[in-house]
Asker: 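Take this structure, written in structure tokens, and hold onto it; I'll ask about it next.
Each chain gets a letter, A, B and so on, in the order the sequences are listed, and its residues count up from 1.
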There are 2 protein chains.
Amino acid sequence: MDTRTGPPRRGRPRRGQEPLSRRRIVDAAMALAEAEGVERLTMRGVAKHLGVDAMSLYNHVASRDALLDAITEAVLAGLRLPAPSGDLEADVRAVAGAFRSAAQQYPRCATLVLTRQLGAPAALGPTEAVLAVLDRAGFPPGRAVHALRTALAFLVGSLMREVSAGPAFSGADVEGAQQREVELRASGLPHVAAAAPDLAVCDHDEEFEFGLAALVAALEAVRG
Amino acid sequence: MDTRTGPPRRGRPRRGQEPLSRRRIVDAAMALAEAEGVERLTMRGVAKHLGVDAMSLYNHVASRDALLDAITEAVLAGLRLPAPSGDLEADVRAVAGAFRSAAQQYPRCATLVLTRQLGAPAALGPTEAVLAVLDRAGFPPGRAVHALRTALAFLVGSLMREVSAGPAFSGADVEGAQQREVELRASGLPHVAAAAPDLAVCDHDEEFEFGLAALVAALEAVRG
DNA sequence: ACCTGAACACCGTTCAAGT
DNA sequence: ACCTGAACACCGTTCAAGT
């Protein structure tokens, strides 16, 4: 019962081993969350993964909840947001793409970012980037905040679907899609049955593109 | 330690007392979730609230997770979706309003609906209603599913913000808003600082209206 | 200053036993 | 058929003790 994933050394830390740090804890937690799911992320599990007593973690993070906050900060810090060019469509696409890339890189941790309050300081960087885009594109200040929140709502909703939908909908799992189509057709709901082939699958690239085009058009119409 | 909220009778169920049922369990769970938060919703807590042994619940729900599924089904079943009139804007507003009302009635349970996969049979009713609206408004079948998913993304993102933002942003808590404005101004981020008064508050009615108008315009542009 | 071990007050859930 | 009690295998976290 000693062979686990990672470096599960027990007892005193090995001499020459990296000392415990907030950074190492957060990295390990992110890896574990991606591997097992956030809801199965456990203080004791993180500690074991680091070869350390569970209680040692509390010298670096205040609680499990604080650790989840730290994970969302790390995900947000990984966003690579481009400087605004002045072209609204290109800039909105760049920002949306940066969010989507981060969500795809850490799909399970991303749910934390999408779920938890993004009001914290960690979200200020992205907020600044989007406001810069909107300002550069000619939005007056008040309307820029409305536009920011509309764009964020669309992004949050889109990425939530994408990260929480299993790979079942991606286009692989053909017989899964076929079975779903049969069920939809048998639902007794006329419009659902008629749209069964389209509802049974979900190409995330395509859906994102469709929604993004609609968002851009809406923002352009409201620029003022 | 016997005086608790609800009917916390212990031991054998009282003669003449309503027998335990899936329905009663789900109702109690929803009430508890709204009172304490979903993450604090506990099988043992639900049982105690019903004056019953924790294990008895498992005769009616398979697991805690199944109970959470049942809650999302109950919330979705509470949606009162109007019949489509043919006026795209009016119909989209009606559907969006129905979702928002349900989310406002059960803000904490609503996060379950917004977070979990809405692919389950429980979401088929709302799907049918939205597809009916889009069909009536002239969307060709394939495009209707894209439009459905775009609308849903906006709704999920918007309602997620609304239900997970405390009452702090509603417009009450004036000194909270003032303090937030000061912090934003001191952030060192130029656009954030400039937009501080707008960012410090969030009128959910106003944001929803702004986003909904954008959504309707986008859908009309894409109707085909 | 940081790490540890034992302990506390919880969890969800299984299972055999009751009625 | 439904409910119960004891038990199992976990949790997060506190605290006094070690180094």
Side-chain angles (χ1 to χ4, degrees), chain A residues 1-2 4-30 32-33 35-71 112 116, chain B residues 1-2 4-30 32-33 35-71 112 116:
Chain A
M1 40 147 78
D2 243 333
R4 303 282 168 115
T5 59
R9 294 248 153 46
R10 295 204 314 251
R12 292 158 293 105
R14 221 154 110 260
R15 270 154 274 272
Q17 184 171 334
E18 205 83 8
L20 198 52
S21 69
R22 184 182 169 87
R23 181 63 202 268
R24 285 189 65 221
I25 292 171
V26 174
D27 286 349
M30 288 179 71
L32 274 175
E36 315 261 345
V38 174
E39 68 289 343
R40 279 208 265 276
L41 185 67
T42 239
M43 297 299 276
R44 291 167 127 111
V46 174
K48 181 181 290 185
H49 193 77
L50 289 166
V52 110
D53 192 284
M55 299 313 104
S56 306
L57 303 180
Y58 288 87
N59 289 305
H60 301 92
V61 300
S63 64
R64 179 175 189 269
D65 211 60
L67 178 55
L68 298 185
D69 277 336
I71 291 176
L112 289 173
R116 308 192 135 225
Chain B
M1 36 144 86
D2 243 334
R4 303 284 168 111
T5 60
R9 296 250 152 46
R10 296 203 314 253
R12 292 158 294 105
R14 221 156 109 264
R15 270 156 274 271
Q17 183 171 332
E18 205 85 8
L20 198 52
S21 69
R22 185 182 168 88
R23 180 64 202 267
R24 286 187 66 221
I25 292 170
V26 173
D27 285 350
M30 287 179 71
L32 274 175
E36 315 262 346
V38 175
E39 68 289 343
R40 279 207 266 276
L41 183 68
T42 238
M43 296 300 275
R44 292 165 126 111
V46 174
K48 180 180 292 183
H49 193 77
L50 290 166
V52 110
D53 192 284
M55 298 314 105
S56 306
L57 303 180
Y58 288 88
N59 290 305
H60 300 91
V61 301
S63 65
R64 179 174 189 270
D65 211 61
L67 178 56
L68 297 186
D69 278 336
I71 291 176
L112 289 174
R116 307 189 138 229

Asker: At under 4.0 Å, does any side-chain N or O of T42(B) touch on OP1 or OP2 of dC10(C)?
Answerer: no

Asker: Start with the C-alpha gap between E36(B) and L41(B), add the side-chain angles, then the distance that decides, and say whether side chain to side chain contact (heavy atoms under 4.5 Å, CB included) holds.
Answerer: CA-CA 7 Å; E36(B) 315 262 346; L41(B) 183 68; over 6 Å; no

Asker: Using whole Å, report how far CG of L50(A) lies from C1' of dT4(C).
Answerer: 16 Å

Asker: At under 4.0 Å between heavy atoms, what does M55(B) touch on the DNA or RNA strands: base, sugar-phosphate, or nothing?
Answerer: base

Asker: Should L57(A) and L50(A) be marked as a side chain to side chain contact (heavy atoms under 4.5 Å, CB included) after you check the CA-CA gap, both sets of side-chain angles, and the distance that decides it?
Answerer: CA-CA 10 Å; L57(A) 303 180; L50(A) 289 166; 4.3 Å; yes

Asker: Rounded to the Å, how far apart are L57(A) CG and dC11(D) P?
Answerer: 13 Å

Asker: Would you check if T42(A) and K48(A) make a side-chain contact, meaning some heavy-atom pair closer than 4.5 Å?
Answerer: no

Asker: Roughly how far, to the nearest 0.5 Å, is the CG atom of L67(A) from the CE atom of M30(A)?
Answerer: 10.5 Å

Asker: Would you please enumerate the stems DNA chain D participates in, each stem being three or more consecutive Watson-Crick or G-U wobble pairs with both distances under 3.5 Å?
Answerer: C:4-8 with D:12-16, C:12-16 with D:4-8

Asker: Rounded to whole angstrom units, what separation is found between the CG atom of D53(B) and the P atom of dG12(C)?
Answerer: 13 Å

Asker: When the nearest nucleotide of DNA chain C is assigned to R44(A) and to N59(A) on a heavy-atom basis, which residue is associated with the more 5' position?
Answerer: N59(A)

Asker: If the cut-off is 4.0 Å, is S56(B) near the phosphate of dC2(D), judged by side-chain N/O to OP1 or OP2?
Answerer: no

Asker: Could you state the CG-P distance from D65(A) to dC11(D), rounded to the nearest angstrom?
Answerer: 18 Å

Asker: Can you tell me the distance, in whole Å, between the CE atom of M43(A) and the P atom of dG5(C)?
Answerer: 17 Å

Asker: Atom CZ of R40(B) and atom C1' of dC10(C): how far apart are they, to the nearest Å?
Answerer: 14 Å

